[in-house]
Amino acid sequence: MKESIPELTLNDGLTLPAIGFGTYKLNGNEGATAINSAIDVGYRLIDTAYNYENEGTVGEAIRRSTVPRNELRITSKLPGRYQEYKKAVTAIQESLYRANLDYYDLYLIHWPNPKQGLYPEAWQALIDAKKWGLIRSIGVCNFLPEHLEQLEKETGVKPSINQIELHPFFNQEDQRRFHQQNNIKTQSWSPLARVTDILENETISHIASQHNKSVSQVILRWHYQLGSIPIPKSSSPERQHENLSIFDFSLNETEMAMMAELTNPNGRLKNQDPATYEEF
Ligand SMILES: NC(=O)c1ccc[n+]([C@@H]2O[C@H](COP(=O)([O-])OP(=O)(O)OC[C@H]3O[C@@H](n4cnc5c(N)ncnc54)[C@H](OP(=O)(O)O)[C@@H]3O)[C@@H](O)[C@H]2O)c1
């Protein structure tokens, strides 16, 4: 049975489903089969990136699917090495050619790389690409409040979303509050903390047993109730379906408070603090 997924509206009017599908490590024919299965199961928001080297795989999965293009929301991301304006414009075009798409629904700056000082230039390229019809909505990943403020100061244009590391071990409370105050939607990457240790977590297992749900479902429901869009990756059709089945139960205030206790200021999976971490 297909799950019914709520829709959210971004600050520029684009609608997105409340949960999406991550594709990191899904490449080639196996990847296309997994992504095609995700679309079949009901995902409509698909997250790729230039640096995952699978924009072509996503394009192939879309071609294999019977779902009309305008019902899908496809996201890609600009790598750090192409943040200069002209390089950014070319990279966006290259991203489209790789996927054989006419437009991306969302295009994001992958990392701010603040030491380079080029992200405002990259942002101007995204603004222009949107004007040219290559992208419907523009956003960022891993931007701290100061980076978001800089974009608005230099261009007057706010991102529609900021995709950040967010899971029960790193709940990003302050960053989420900043997004909410500035009408920027939060998306959660590694929403299941890449399942390292988390499936055995006693608190989440206890909550899951109360609802007759799995640990993954409780975590993904928690993201939804925080107001963030999780984009779990799974290569298995069963787990893809499991991860979508989160709209038929809810966590109460006590359970949300128990989940909040699990966070840790050093809870980033790989210590990728955007203030210093750079990715090209
Ligand atoms: N913007 C950024 O900087 C950034 C950084 C990292 C990731 N991302 C995006 O975020 C997406 C998701 O993050 P992620 O892939 O790092 O991690 P994740 O979605 O938290 O976890 C993926 C792992 O969880 C397993 N899994 C999924 N559902 C499961 C379930 N129901 N039960 C048990 N295991 C399950 C998957 O295994 P199976 O495949 O075997 O099911 C996979 O090993 C990525 O794919 C990518 O699109 C963005």
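The first residue of the sequence shown is numbered 1, and numbering continues consecutively from there. Predicted model only: the values in this text are computed from it and were never measured. Read the numbers this way: they start at 1 and go in the same order the structure lists the ligands and their atoms.
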Subject >> Residues Thr15 and Glu7: side-chain donor-acceptor under 3.5 angstrom >> reply: yes
Subject >> Side-chain donor-acceptor contact under 3.5 Å, Asn51 with Arg81 >> reply: yes
Original post:
Does CG in Asn212 sit with more than 12 non-hydrogen atoms of other residues, nucleotides or ligands closer than 6.0 Å?
Top reply: no
Subject >> Best match, Ser216, Pro237, Gly20: closest heavy atom to atom 30 (C) of ligand 1 >> reply: Ser216
Original post:
For atom 29 (C) of ligand 1, which candidate among Glu165, His241, His167, Arg239 holds the nearest heavy atom?
Top reply: Arg239
Could you list the atoms of ligand 1 found under 4.0 angstrom from a heavy atom of [X]?
{"X": "Glu242", "answer": "31 (N)"}
{"X": "Tyr52", "answer": "4 (C), 7 (C), 8 (N), 9 (C), 46 (C), 47 (O), 48 (C)"}
{"X": "Cys141", "answer": "1 (N)"}
{"X": "Leu199", "answer": "33 (C)"}
{"X": "His110", "answer": "1 (N), 2 (C), 3 (O)"}
{"X": "Ser235", "answer": "38 (P), 39 (O), 40 (O), 41 (O)"}
{"X": "Ala193", "answer": "20 (O)"}

Less than 4.0 angstrom from a charged side-chain N to a carboxylate O is my criterion; do [X] and [Y] meet it?
{"X": "Asp105", "Y": "Arg44", "value": "no"}
{"X": "Arg136", "Y": "Asp12", "value": "no"}
{"X": "Glu149", "Y": "Lys153", "value": "no"}

Any side-chain heavy-atom pair of [X] and [Y] under 4.5 Å:
{"X": "Arg98", "Y": "Tyr50", "answer": "yes"}
{"X": "Asn113", "Y": "Tyr119", "answer": "no"}
{"X": "Leu101", "Y": "Ile62", "answer": "yes"}

For [atom], what is the nearest protein heavy atom, given as residue, atom name and distance?
{"atom": "atom 31 (N) of ligand 1", "answer": "Asn243 OD1, 2.9 Å"}
{"atom": "atom 47 (O) of ligand 1", "answer": "Asp47 OD2, 2.7 Å"}
{"atom": "atom 22 (C) of ligand 1", "answer": "Lys233 O, 3.5 Å"}
{"atom": "atom 3 (O) of ligand 1", "answer": "Asn142 ND2, 3.0 Å"}
{"atom": "atom 17 (O) of ligand 1", "answer": "Arg194 CG, 3.4 Å"}
{"atom": "atom 25 (C) of ligand 1", "answer": "Val195 CG1, 3.8 Å"}
{"atom": "atom 6 (C) of ligand 1", "answer": "Trp189 CE3, 3.1 Å"}
{"atom": "atom 11 (C) of ligand 1", "answer": "Ile231 O, 3.3 Å"}

Original post:
Going by the angle between their ring planes, with limits at 30° and 60°, are Phe170 and His167 parallel, tilted or perpendicular?
Top reply: tilted
Subject >> Geometric class of the Tyr24/Tyr52 ring pair [parallel <30°, tilted 30-60°, perpendicular >60°] >> reply: tilted
Record the part of [X] in heavy-atom contact with ligand 1 below 4.0 Å; permitted values are side chain, backbone, both and neither.
{"X": "Thr48", "result": "neither"}
{"X": "Ser190", "result": "both"}
{"X": "Ala49", "result": "neither"}

**OP:** Check whether any heavy atom of Val215 sits under 4.0 Å from an atom of ligand 1.
**Re:** no
Original post:
Does ligand 1 have any atom that is closer than 4.0 Å to a heavy atom of Phe21?
Top reply: no
Original post:
Centres of the Tyr224 and Phe247 rings: under 6.0 Å?
Top reply: yes
Original post:
Hey, is ligand 1 close enough to Pro232 that some N/O pair sits below 3.5 Å?
Top reply: no
**OP:** Apply the test side chain to side chain donor-acceptor pair (under 3.5 Å) to residues Ser76 and Glu55: give CA-CA distance (whole Å), side-chain angles for both, the deciding distance (0.1 Å), then the verdict.
**Re:** CA-CA 8 Å; Ser76 195; Glu55 290 163 311; 2.6 Å; yes
Subject >> Atom pair CD/OG of Gln172 and Ser228 - distance to nearest 0.5 Å >> reply: 9.0 Å
